[in-house]
Every structure is written in structure tokens, then in C-alpha cells.
Amino acid sequence: MDSRNVNVAQYWMVIRSLLMAVLFSASVPSLFAETVEYDQAKLAEIKVLLDGLYEKGQIPNYAVEIRKNGKSVYAAYRGDTELGGSVPVGADTIFWVASMGKPIVSSAVLRLIQDEVLSLDDPLSKFFPQFESMVVAPMGDLDVPFEIARAPITIRNLLTHTSGFTYNPLVLGLGDVAYQYAELEVMSQKVSLEENLEMLAQIPLVAQPGASFNYSVSVDVLGAVIEKVTGQRLGDYLDEIFFKPMGMTDTAFRVRPEARNRFARFYEPESLRNPAAPIPGSEIEWHIVETAPFGLPYDGWGQAPTFDSGGGGMYSTAQDFLKYAEMVANGGVLNGVRYLSAETAAIHFQDLMPELGLEAFEVAFGEAAQYMKFGGGFGIKLEEDGSDRADYYFWGGAANTFFWIDGQDGSVGVFFTHIWPPRYNLSDQIEALVDEARMIK
Amino acid sequence: MSKRDTSPPAFFALLLSLMMLVATADEVAVLSPLTQEYANLLNPMVDEQLIPGYYLSVYKNGQQVVDLSRGFADEEASLLPSQDVLYFIASMTKPIVSLATLKLVEQGQLNLTDPVKQFIPEFSNLLVVPEGDLDNPTEALDRDLTIHDLLTHTSGLTYSQDITGREEIAKVYADLGLFAIDGLAESKLGSLENHVEQLVQLPLVFQPGEAFVYSVGIDVVARVLEIVTGKPLDLVITELVLEPLAMTDTHFTVPEVKRDRLAAMYSPRVATYPIPGVYRRYQPYQNLPKGHKNFGVSDAGYLSGGAGLMSTARDYAKLLAVISNGFRVGQRQFLDAQIGNQLFQNQLPAGLEDEGLVYNFGPSANNAGFSYGLGIRLLEGGNLTRTDDHDYYFWAGAANTGFWIDLKNDVYGIFMTQHLPTQYDRTAEMVEIAR
């Protein structure tokens with residue numbers, strides 16, 4: 001057992017140094033095809049797809065837009081911010097983008113790595129010593145013997161959900177440990193981020209650090225690291241480095257009171273328990289009803305939080321989020337202003353855990369594990385032809401919001417609606433239409 | 001324990017073996033055009049991984065014309081769906097208990113107009129809180145509740161908010177665990193009798209006859225059957241319905257020897273992160289006692305006349321056959337046809353018209369009525385009082401099982417899967433395909 005661990009550790013060292021050599025080589029060639037046109041008739045099928053759901057009363061509205069080289073390639077917006085409402089959904093409609101805060105927080109971490117404030121392989125315990133020696137309950141099962149964590153949790157692990165942390169069962173946490181998260185209300189807004197970290201350090205990990213992908217509170221922990229090293233609240237730091245200079249005025253951990261009239265309401269599919277009612281004046285037979293995600297009614301959403309939850313607390317608009325995605329896709333530059341070095345921007349798209357095999361993604365992604373990798377805060381969806389080429393880079397939020405960056409041409413897209421629980425992950429189909437529509441010169 | 005040592009990946013091996021199983025099953029069956037139409041409607045639910053599998057049986061002129069399945073009834077045990085797999089049929093228990101009640105009427109042991117207080121005295125003292133809203137002033141009963149009121153969900157009782165109850169009182173049902181679905185495996189309140197004792201402490205949400213409120217009424221009827229016969233509910237329905245119809249696979253508790261035919265229960269798997277492509281959107285149902293894969297194996301539940309039965313498609317088809325066939329089993333009359341034919345008459349009070357079910361089931365339930373245990377789908381612009389205007393009869397269970405009876409075309413069908421709650425109801429389309 002000992003000798004094998006040494007071998008694994010040596011293997012790691014080699015891989016890591018190889019990776020560093022690739023990532024930080026002097027010049028980074030452009031990742032994406034620069035000149036590209038699209039078959040507009042093919043792109044128009046996106047609207048057909050979404051209209052189908054909208055007209056059947058299954059989604060309350062939608063916002064979809066695709067941009068390339070600073071220009072809108074395709075846009076379609078439909079519906080109102082609430083059923084029967086009078087505020088049309090548009091590029092400035094505010095959605096709870098939830099887990100889409102994760103890539104943004106990850107970008108901030110990569111920026112701090114670029115500034116040499118952090119390093120990818122810094123152990124978490126360097127900033128929060130309570131995470132120095134962790135125990136592991138494999139698969140989150142409390143009935144089998146615990147293991148001692150054989151490696152420290154690193155920033156790299158936190159960026160790629162390989163820390164061994166998990167979530168509560170409502171967010172598909174793993175095993176009995178997930179129920180401990182629920183009982184202790186880990187990462188709830190009831191206490192401060194520091195107090196949440198104290199609880200988290202008391203609970204076993206569900207896997208050895210670095211061993212497998214477990215979707216988790218890792219990015220909330222990264223938020224705490226950012227606050228620690230910058231001395232700023234997470235939202236303030238993101239404002240300073242990204243949101244204010246890029247003009248992402250509606251992206252924050254709250255909805256400004258004066259912007260609330262643009263904040264979309266939440267819906268769920270109707271059920272026997274909660275049947276849909278006709279909406280006066282609407283021609284559509286709705287099969288959705290207003291809902292309160294996690295039991296919190298609409299009025300409670302968007303209020304100033306106890307702590308800024310990098311993992312799930314973000315609000316944004318289509319036009320804001322497209323700016324962020326374009327900045328990353330353009331190698332760290334938006335409208336001539338550089339936010340990240342080209343090398344740093346490229347880390348988003350690099351497989352940061354190349355030694356992980358298929359089985360490391362199986363629990364979280366099922367059959368899709370065969371074409372999943374994970375980069376710097378972005379999921380990497382590989383082409384399904386086994387070529388290891390990236391189809392697209394992406395992430396999404398729990399209320400059916402998604403963004404992606406095309407792996408071939410670097411076009412960026414968003415698809416937002418507000419259905420809870422998540423149900424219409426159409427980003428995969430929309431991105432496939434972008435692929436089909438592409439005509440590279 | 002390097003991950004590199006694991007080869008070939010166990011996942012691929014599993015996937016491959018699953019694909020081979022499915023492929024084999026598909027190749028054997030040469031589908032008739034009718035069956036193919038059903039497959040086109042239903043297979044996508046399995047292929048898109050919304051449910052692990054399903055079984056469908058359709059009968060025309062008394063002959064089985066569709067015997068269709070896909071996927072698994074229990075993935076872990078590799079149990080294939082078939083007409084002999086035991087499923088939790090939940091509210092499809094209600095028609096069986098309703099029929100048992102009509103048998104007792106035929107035997108002269110009971111009248112549908114009998115006041116419930118005649119059997120359960122506490123029903124004389126019930127109070128009414130209009131619309132189940134505790135802020136409303138309490139009223140006394142306008143009139144006695146009858147067996148008819150209970151059977152037609154017009155008694156003023158409701159269901160727990162966990163099921164279909166919408167009123168403030170329904171929250172109290174939920175808090176108490178009163179006739180809760182999960183109570184079928186682990187009853188907080190004890191026996192059926194204990195549940196009823198608790199129920200009579202609570203006010204009604206409407207005056208009797210005032211509204212259709214889907215309810216525990218059939219559970220109360222079940223308790224009345226116990227009192228009238230002096231026998232426990234399982235014995236009552238076995239003697240009155242299951243034995244005469246040779247429904248040998250219908251049980252509150254599935255006998256040990258049959259458990260290799262028991263389906264597993266599933267519920268939605270909600271991934272709050274994006275998964276590319278088609279992915280599994282169900283997972284084993286979590287709210288059963290540890291080690292149980294479905295209802296019907298616990299001895300800690302209660303006998304629920306509203307939702308307690310496990311059954312097979314083959315068994316349940318026998319019930320649908322007798323209803324479709326003038327209440328005859330072969331040459332023998334199972335139930336007096338005049339009594340039985342009340343199943344084909346709208347039994348809701350005149351004031352509710354064809355909007356009666358909307359209060360509970362939403363606007364898609366308009367144009368419908370209700371008899372004893374059966375919903376009535378009305379032809380567009382039809383009149384509920386005219387049996388000729390009835391399009392078809394139907395009911396469904398909470399775990400996404402359902403049936404329909406299309407008298408005019410002499411067709412009935414039964415659909416089985418196990419997904420709590422019902423999320424994929426295709427009854428209307430299934431009715432059309434057989435026509």
C-alpha cells in the first residue's frame with residue numbers, strides 16, 4: 001500500500017510539471033477559429049425548439065443569445081418575467097443563475113493565481129488550518145470504516161470538485177454524509193461563511209482528495225479563500241476585478257431593489273398537488289405554477305445575503321453573463337480591456353485533473369461521464385467521437401440557466417428560463433444546433 | 001488504490017450488458033402496427049431515461065391485443081416488466097374497494113344512502129371549516145355524511161398536503177401523518193381504525209355534497225366495510241372481489257414467495273448541475289424503510305382502502321374485464337348489472353356539473369365527472385347525465401400507473417410503471433391509439 005502511494009505521488013508530480021509546462025509556455029496560440037459564419041436557417045431551429053416548450057406551457061419564458069467576436073450571432077427572447085405579467089423577458093431580465101457563480105468565482109481564483117497570491121496546489125489548510133487532517137467516509141457511507149485523507153485538499157481540487165466535499169441531498173449530495181450536511185445546514189445563510197467552514201471541517205469527506213468528481217460546496221470554500229487573501233467580501237472583489245469594469249451591472253449576490261421589476265419569477269411543472277390555473281388573457285394553456293425554490297418564496301430571493309455564496313448565490317442577466325463568457329473565450333480580453341492573461345484564460349479550458357479516468361465522473365454524470373472532463377471551474381464536454389476534442393465548455397444553474405463556450409469557434413451562448421427543479425437542460429441541444437450551423441471559411 | 005488499475009471500466013461492462021438485454025428483448029418481439037404505435041408513444045420515456053421501464057396491456061373485444069414493455073421494472077435486480085410483475089397501484093385500490101362496497105349493497109348489508117354515523121358514531125359530531133381555512137368560522141354539519149358522499153369524494157374530507165390536499169386542514173393531515181403514502185410502509189398512527197379515530201378529530205373542509213375534494217373518503221368506506229362485515233379489510237376485499245374475479249396476485253402485503261416479481265419504486269433524480277445529453281432522471285425512491293425497494297413488503301403499515309394495494313397488470317385486467325363485460329365473469333353474474341351500471345353514471349351533485357374535478361386536479365380535469373371509483377371523461381360539448389356522451393372511464397395511481405375503459409369500442413388498457421409522483425401521464429394519447 002505504501003509503495004503504491006509513493007508511485008502515485010510520483011506520477012502526480014510528473015503530470016503536474018508537464019501540465020505547468022504546457023499552461024505557462026510563453027505564447028498561447030488562439031484556441032478557436034476566428035472567422036466563422038452560421039447558417040441562419042439552422043440557428044432558427046433554436047427558436048422552434050424553445051417555442052415548442054413555451055407554447056405547450058412548459059416554460060414561462062426564455063432568453064437565448066449566441067455571440068461571436070463581439071457580435072450577436074443569434075438572439076431570441078420570449079415571454080414575460082411572470083405569467084400574465086407585462087414586463088417582457090429580454091437581455092436585461094434578471095435570473096437566479098445559482099451555480100453559474102461557480103465559474104466566475106473560479107476565474108477570480110485563477111486571477112489570484114496569475115497575481116501569485118495563490119497557487120493551484122496550495123493546500124486549503126494554508127488558509128484554514130481546520131482542514132489540515134480530514135477523515136474520509138468513502139461514498140459518504142458512515143457504516144464502513146473511515147479512512148484518513150491521504151492528500152491535502154488543494155485549490156486545484158476545489159476548482160474541479162475533487163476535494164471530497166459534497167452537498168446536501170437536495171443538491172444530490174452523496175450518501176449519509178449528505179444528510180449530515182442537511183442536519184447541520186452546511187452553507188446555509190443562517191450563519192457566516194467562517195462558521196459554515198467550522199462545521200464543514202467536522203464532517204468526513206466522501207472521497208479521497210483528488211480521487212473523484214463530487215459536485216460540492218467547494219466553490220463556497222473558494223469564496224472564503226478569496227475573502228481571506230484579499231481581505232474583501234467576495235462580492236466586492238468580483239465587482240472590482242470583473243463586474244464593474246466589464247459593465248456587468250446586474251450581476252451580484254443580490255438583486256438591487258430598483259432592478260427588482262426585471263427579476264423573473266420561479267415556476268415548477270404542475271402536479272396533482274398543485275395544478276395550474278388558466279392565466280387571464282393568455283392564449284397558452286399553462287402547465288406550470290409559481291414555486292418557491294428550497295421553500296423560499298419569490299420575495300425572499302435576491303435579498304442581501306448573510307454571506308456571498310460563490311457556489312449558488314449569484315444573479316445575472318443574459319447580456320451580463322455573455323460579457324463574462326466572451327472575456328474568457330477571447331483569452332481574457334473584453335472590448336480591448338484585459339482582465340486575465342491569455343495563459344490564465346486558457347486554464348479554464350484545460351483538464352486540470354488529467355489523471356482522472358471515466359470512473360471518477362460516473363457517480364455525478366452517469367453515461368455522460370464518458371465525455372466529461374473538468375477544467376478551471378468549467379465543465380468540459382468532449383466530442384462524442386472519442387477524439388478528446390472539446391465540444392463545448394459549460395456550466396449551469398439550478399433554476400434552468402446555462403452558458404457555454406464552443407470548443408471549436410469560441411462562440412458563447414446562454415439559455416435562461418426559471419423552472420425549478422431543473423428540467424430543461426437544452427443547452428446540449430442548442431449547442432448541437434450551433435455546431436450544425438457553423439460554416440468555417 | 002490507483003484508479004488506473006481498474007480496467008476495463010466496470011461502467012462500460014454494465015452498460016454493455018444492459019444494452020444486450022434490451023436488444024434481445026426487442027428482437028424477439030415482432031410488433032403489430034398497433035403495438036408499434038404504443039411503442040412510439042411510450043418508448044421515448046424509457047429511452048430519454050425519464051423512467052426505468054414500463055408495461056402496457058390493451059384488450060379489445062376481450063382479447064389482449066397489446067402486451068408491450070421496455071426497460072426494467074427493477075434495474076438493480078434486472079427484473080423485466082411484464083403482466084406478472086407486482087406494482088404499487090396506489091389509488092387504483094379505490095375502484096376495488098368501491099366494487100366491494102357495491103357487493104355489500106347487493107347483499108343488503110349496506111345502503112349507499114346510509115349515514116356514516118350509523119357505523120362510526122363520531123361522524124355525527126363533525127364540524128366544518130369552510131374551504132379548510134382555519135380563519136373561517138366553524139360551522140355545524142348541514143346534513144349527515146353518507147356512504148355515497150365518501151365514495152364520490154364529496155364528503156368534505158380531504159387528503160394530506162403531501163398527496164393532493166390544498167387546504168390549511170390538509171397541512172394538519174400531513175403533520176399528523178394521517179393516511180400518508182409513506183405510512184403504508186411505516187404507519188405513525190397505527191391501524192386503519194386508529195387513522196379513522198384521528199380523522200374524526202378534524203373538521204371537514206366543505207359541507208357534504210358541496211364540492212369534489214379528492215380525499216381519504218375511500219379509506220373511511222374501507223373502515224365501514226370492516227365494521228359491517230366484522231372482518232379486516234384484506235379479508236373483506238379478498239372475499240368480495242379478489243377471489244370471485246380470480247385476482248390471485250393482488251395483495252396489501254406481497255407474500256415472500258412472490259417478491260422476486262416485485263417492481264422497484266423510483267422518484268425523480270434532480271441534478272442541479274448540467275449534465276450533457278440524455279441522462280438518468282430517476283433514482284430509487286428514498287422514503288421507504290431501509291432495505292425496502294417498494295411498498296407492499298412492510299408489516300408496519302395499515303390497510304389502506306384508498307391506496308394500499310399491490311397488483312399485476314394481468315390481475316387488474318380481470319377487474320377491467322368484469323366492469324366492461326356487464327359485470328359478468330364468464331357466464332356467471334359477478335354483480336347485479338343494475339347496481340354495477342352506477343359506475344357508468346355521473347354520481348357528482350348536479351351543482352358541480354362537468355367542472356367538479358377542477359378544484360383538485362386543475363383545468364385539464366374539466367369536462368369530466370366521477371362515479372364510484374371511476375373518473376368519467378366527457379365528449380367535447382357532451383352532457384354528463386347522458387352515458388352516450390361519456391368518452392371513456394379512467395383512474396390512476398400516484399406512482400404513475402393508470403387504466404382506461406372505452407366501452408363503445410370495447411377496449412380497456414392498463415399502464416404500469418413505478419415513479420412517485422406521477423409525472424408522465426399519457427392516458428389521453430393511449431385511449432386514442434386503440435381507436
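Here the structure is a predicted model, which is why all the values come from computation and not from measurement. Convention: sequence-line order gives letters A, B, ...; per-chain numbering from 1.
Other residues, nucleotides and ligands place no more than 12 heavy atoms under 6.0 Å from the CD atom of B:E131.
Looking at A:M100, there are no atoms closer than 4.5 Å to chain B (heavy atoms on both sides), in backbone or side chain. Only the backbone of B:I163 comes within contact range of chain A, judged by heavy atoms closer than 4.5 Å. The parts of B:T164 that come within reach of chain A are both its backbone and its side chain, each placing non-hydrogen atoms under 4.5 angstrom from that chain. No part of B:R280 comes within reach of chain A, as not one of its non-hydrogen atoms sits under 4.5 angstrom from that chain. Proximity to chain A (any heavy atom under 4.5 Å) is shown, for B:D425, by neither the backbone nor the side chain. Contact annotation for A:F365: both backbone and side-chain heavy atoms come within less than 4.5 Å of a heavy atom of chain B. Only the backbone of B:Q161 comes within less than 4.5 Å of a heavy atom of chain A; no side-chain atom from C-beta onward does. Heavy atoms closer than 4.5 Å to chain B are found nowhere in A:L426, neither backbone nor side chain.
The two residues B:T272 and A:V171 have their closest heavy-atom pair at OG1-CG1, 2.7 Å. In plain terms, the two heavy atoms of A:F394 and B:P276 that are nearest each other are CZ-CG, 3.8 Å. The shortest non-hydrogen separation linking A:P421 to B:V270 is CB-CG1, 3.5 Å.
The most heavy-atom pairs under 4.5 Å with chain B, out of A:Y392, A:W420, A:Y215, come from A:Y215. Counting heavy-atom pairs under 4.5 Å between each of B:Q286, B:R281, B:R269 and chain A puts B:R269 at the top.
Checking side-chain atoms of B:Y273 against main-chain N and O of A:A364 turns up a donor-acceptor pair under 3.5 Å.
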